Amino acid sequence: MEISDELRSFEATGVYRLNVTGTGTGATFLDPVRLINGSYQRFRVIPSAYYSRSFEPPRQVGDPETEPPEKRRKRKRNQKSKPRELNAMERIAEARHQEVRHLLLSAHESLIKDKYLLERLSKMMEGKEHKLDVGSGSENNFVELGTSWRAPFYEITICFWKPHVLGHGEGSINARKTSFPLFNSIISVEAIDEAEGDFQNRHYILPRGSCFLMSDFERVRDLIPGSSNQGYNLIVVDPPWENGCVRQKEAYPTLPNRYLLYLPVQELAHPAGALLVLWITNREKLRMFVEKELLPSWGVKDPTVFYWLKVKHDGSLIGDLDLFHHRPYECLLLGYINVNTDAKQGSNFKLLEGPQVIMSVPGAHSRKPPLEKLLSEYIPGPKPPRCIELFARELFPGWTSWGNEPLHFQDSMYFSEK
Ligand code: SAM
């Protein structure tokens with residue numbers, strides 16, 4: 001494929017496949033804003049709202065305005081002391097890093113060499129024209145609201161539009177408004193058009209064919225489909241892992257690892273097969289728990305690892321690749337449920353072939369890039385696949401999203417009308 005064809009396809013889809021020489025491994029650059037916008041008819045995500053992190057003033061190490069006192073003391077202590085030796089677990093993690101380092105560098109090099117893509121990347125921030133209150137704290141805090149005694153009484157009013165009337169100059173807008181309990185109930189949007197919701201003076205954009213359950217962990221079994229052939233073919237899990245990071249504690253509550261053993265992943269999987277994707281952090285102790293206990297308990301064998309390498313708008317990495325506690329990448333473990341992986345190939349899908357590198361500019365803290373397009377050829381079962389995200393903070397067309405704040409990024413402040 002000519003480079004211009006690949007770029008044209010990138011403009012339309014937000015997915016750009018790169019040639020990584022000498023590694024035999026795939027690398028892909030994703031533009032989450034293009035990916036998300038491809039699925040909306042009447043709205044678009046504002047790039048400067050998605051990439052709000054890039055607009056934050058740079059945090060200066062040692063800046064008394066931005067660095068908490070305890071962190072400052074710890075940093076000074078560390079500066080004085082000699083670099084400490086890694087413990088046994090850290091040495092294993094370092095060895096894993098050394099093993100994948102070449103692959104990550106090669107993938108990154110292929111991005112840096114691609115001047116056409118770099119040019120597009122620098123333009124991705126267009127849309128600054130909107131004054132945003134992203135991060136101002138004016139949005140609803142669903143995590144808090146969901147634990148209040150009032151939670152069972154909160155209702156969201158959803159307006160379902162009839163698109164055949166809209167936009168045909170007939171002057172009348174045909175809409176149906178319905179109220180639903182916001183917490184602990186499964187809410188679905190019809191597949192014809194986006195819907196819009198109102199809750200406590202905030203407005204929400206709901207993609208067509210999306211479905212969500214806003215609840216705490218104890219109601220997660222409500223998601224198990226009544227009939228087994230309604231199971232899911234793509235299951236993405238992005239748990240709130242405990243890792244002691246202060247910024248994460250501010251962003252959302254975490255869960256002890258062992259709770260994850262009670263996620264009903266097998267009951268959610270489609271009998272004709274499911275691809276499971278689990279986001280993990282770089283902590284070795286967590287990796288061992290996941291590989292030895294969690295994935296086997298969900299029926300997943302021999303996971304494949306993908307790496308999400310985070311870059312800035314000039315293509316450079318967001319941080320030093322070799323900094324032990326702040327790697328500029330995260331891992332995803334992928335594996336199959338209800339699929340015979342010993343067979344050479346799946347009946348209507350490709351089996352995962354080995355590690356891959358995904359590159360993108362990160363959005364808000366811990367927000368992951370959308371994966372369905374990138375993974376579509378590896379998803380088993382009927383088409384279009386049925387997809388679910390566990391611990392979601394946003395909705396996608398045709399997906400079910402569960403978590404204690406799945407409407408978080410659906411606030412209208414992230415969108416403008418097309
Ligand atoms: N995948 C998301 C994204 O791309 O934006 C990020 C998910 S974040 C790592 C984990 C989510 O799990 C947070 O929204 C957090 O509030 C939620 N969470 C934490 N404890 C929970 C619980 N007990 N029940 C349900 N959700 C919970």
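What you see is a predicted model; the values in this text were computed from it and never measured. Counting starts at 1 for both ligands and their atoms, in listed order.
- The distance criterion of under 3.5 Å between nitrogen or oxygen atoms is not met by Thr254 with respect to ligand 1.
- For Pro239, the closest heavy-atom approach to ligand 1 falls below 4.0 Å.
- At under 3.5 Å, not a single nitrogen or oxygen of Tyr252, backbone or side chain, sits near a nitrogen or oxygen of ligand 1.
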Audit row: Trp241, Leu260, side-chain contact (heavy atoms from CB on, under 4.5 Å) steps and yes/no: CA-CA 10 Å; Trp241 300 115; Leu260 279 301; 4.1 Å; yes

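- Taking every heavy atom of Lys368 and a limit of under 4.0 angstrom, the matching atoms of ligand 1 come to 3 (C), 4 (O).
- Gln230 meets the side-chain hydrogen bond (donor to acceptor under 3.5 Å, both in side chains) test with no other residue; sequence neighbours excluded.
- Not one N or O of Trp402 is nearer than 3.5 Å to an N or O of ligand 1, by distance alone.
- The shortest heavy-atom distance from Trp241 to ligand 1 is not under 4.0 Å.
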Show which side-chain atoms of residues 207-218 pair as donor or acceptor with protein atoms under 3.5 Å away, not counting sequence neighbours.
unit_1 : atom_1 : unit_2 : atom_2 : d
Ser210 : OG     : Pro207 : O      : 2.7
Ser215 : OG     : Trp402 : NE1    : 2.9

side-chain contact (heavy atoms from CB on, under 4.5 Å) assessment of Ile205 paired with Glu196: CA-CA 5 Å; Ile205 310 300; Glu196 289 167 61; 4.1 Å; yes

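- Considering backbone and side-chain N/O of Asp238, one or more are found under 3.5 Å from N/O of ligand 1.
- Inspection of the Ser412 and Arg202 side chains reveals no N or O donor paired with an N or O acceptor under 3.5 Å.
- Between Ser215 and ligand 1 there is a heavy-atom distance shorter than 4.0 Å.
- Heavy-atom distances between Glu389 and ligand 1 reach below 4.0 Å in at least one pair.
- Side chain to side chain, Tyr154 and Asn140 fail the donor-acceptor criterion of an N or O pair below 3.5 Å.
- Assignment of Pro253 to the shell around ligand 1 is supported, since a heavy atom sits closer than 4.0 Å.
- Rounding to the nearest 0.5 angstrom, the gap separating the CD1 atom in Ile235 from the CZ atom in Arg386 is 10.5 Å.
- When only interatomic distances are considered, the shortest N/O to N/O separation between Glu394 and ligand 1 does not fall below 3.5 Å.
- A donor and an acceptor atom, one from each side chain of His326 and Asp320, are nowhere located under 3.5 Å apart.
- Applying the 4.0 Å criterion to heavy atoms of Glu405 picks out, from ligand 1, the atoms 13 (C), 14 (O), 15 (C), 16 (O).
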